[in-house]
*Asks:* 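Quick one: structure below, then a few questions.
Order of listing sets the numbers, starting from 1, for every ligand and every atom in it. In this text the structure is predicted, and so the values were computed from the model without any measurement. Residue numbers run from 1 in the order of the sequence given.
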Amino acid sequence: MTVPHVAHTVEELNRLLAELDEQTEHTERTDSAGGLAHRAVVMTMGALHAGHMELVDRARAAARQVVVTVFVNPLQFGPGEDYEAYPRVLDADVALLAEHGADIVFAPEREDMYPGGDPLVRVTSGHLGTILEGSFRPGHFDGVLTVVNKLMHLVRPQLAFFGEKDAQQLLLIKRMVKDFNLDVEIRPVPIVRQEDGLALSSRNSYLSEEERVTALTLSRALEAARDAAEQGSNGPEAREAAVAVFAEQPQVVLDYLVIVDPQTITDVTNDYAGKALALVAARVGTTRLIDNMHVEIAARA
Ligand code: PAF
């Protein structure tokens, strides 16, 4: 087990990347034999769990160099959100990353990442960033895209692994890569769930034992949508089946539950057939959780 090198500043990161390049035997951008890429990145806000480790394991299997970023990005938190309270446990994160073979951890302080204050120029997420999560968290996706863009330039990876749990974020990052011609391939990674279905999230640590049980309403509702679709329901009917699960749990406050076209994240219509995505956001006590599930909607004769 090799403990990853930790860089706190951009200068340290550049030095560690240069050293790693020297150690890495083949520095071609990608292996012509279809093998390993040169460098992969996994971007995180820390408080790492098995879901993050799935990203790191996939990065490790795909690239010679694995860089993990750990930065609680202030730009993506709105007023009254949990920026201050967000768990910061870098030593535990680095220990876990050592077990999974990360080479470098880039963990800058706010001042190292944004010297001179928060950036004046930001990436705008446009309409896609104002619907669903964006309508509950105005400015959130501009903050996400700004930091992701910056980290892409600092780490210069060929591959970047992102979890499917943040489905809208993933879609926006893919759009940014395309729209800005960023020279990186985005690799989506399926959600990791606990045995009872709860999707792993750093914010689960806020839940009491009782709230954790209540939080299962999200995955149960998504399963209801998936099962209804499997039994022949169209999109709106599958949505109704999922919303009914929330009706039985008044202690969970539903922000939204939609069945969308994965390419556009707009609601599917009655006659939509094919792959869809059920997306949910809800509050359990003071904790806001999101989850999603793939749903296959059959064509009707
Ligand atoms: O998904 C996250 O943890 C964050 O939004 C990301 C991509 C690391 C940007 O801060």
*Asks:* Quick one: pull up CG in Leu90 and CG in Asp93 and give me the separation to the nearest 0.5 Å.
*Replies:* 6.0 Å
*Asks:* Of all the non-hydrogen atoms in the protein, which one sits nearest to atom 4 (C) of ligand 1, and at what distance?
*Replies:*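 For atom 4 (C) of ligand 1, the nearest protein heavy atom is Gln76 NE2, 3.6 Å.
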*Asks:* Among Thr214, Leu216, Val284, find the one that has a side chain to side chain contact (heavy atoms under 4.5 Å, CB included) with Gln249.
*Replies:*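 Only one option passes, and that is Thr214.
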*Asks:* Can you sort out which atoms of ligand 1 are near Thr44, meaning under 4.0 Å from one of its heavy atoms?
*Replies:*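 Those atoms are 8 (C).
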*Asks:* Charged N to carboxylate O under 4.0 angstrom, Asp267 versus Arg239?
*Replies:*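 A salt bridge is absent here (no side-chain N lies under 4.0 Å from a carboxylate O).
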*Asks:* Note the single closest protein heavy atom to atom 2 (C) of ligand 1, along with its residue, its atom name and the distance in Å.
*Replies:* Gln169 NE2, 3.9 Å
*Asks:* Are side-chain heavy atoms of His38 and Gln65 found at a separation under 4.5 Å?
*Replies:* yes
*Asks:* What atoms in ligand 1 come closer than 4.0 Å to a heavy atom of Met43?
*Replies:* 8 (C)
*Asks:* Considering only protein heavy atoms, which is closest to atom 3 (O) of ligand 1, and at what distance to one decimal place?
*Replies:* Met45 CG, 3.7 Å
*Asks:* Numbering the atoms of ligand 1 from 1, which are under 4.0 Å from a heavy atom of Val147?
*Replies:* 9 (C), 10 (O)
*Asks:* Would a 4.5 Å heavy-atom cut-off, applied to side chains only, mark Phe141 and Ile173 as touching?
*Replies:*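 Heavy-atom side-chain distance check fails, nothing below 4.5 Å.
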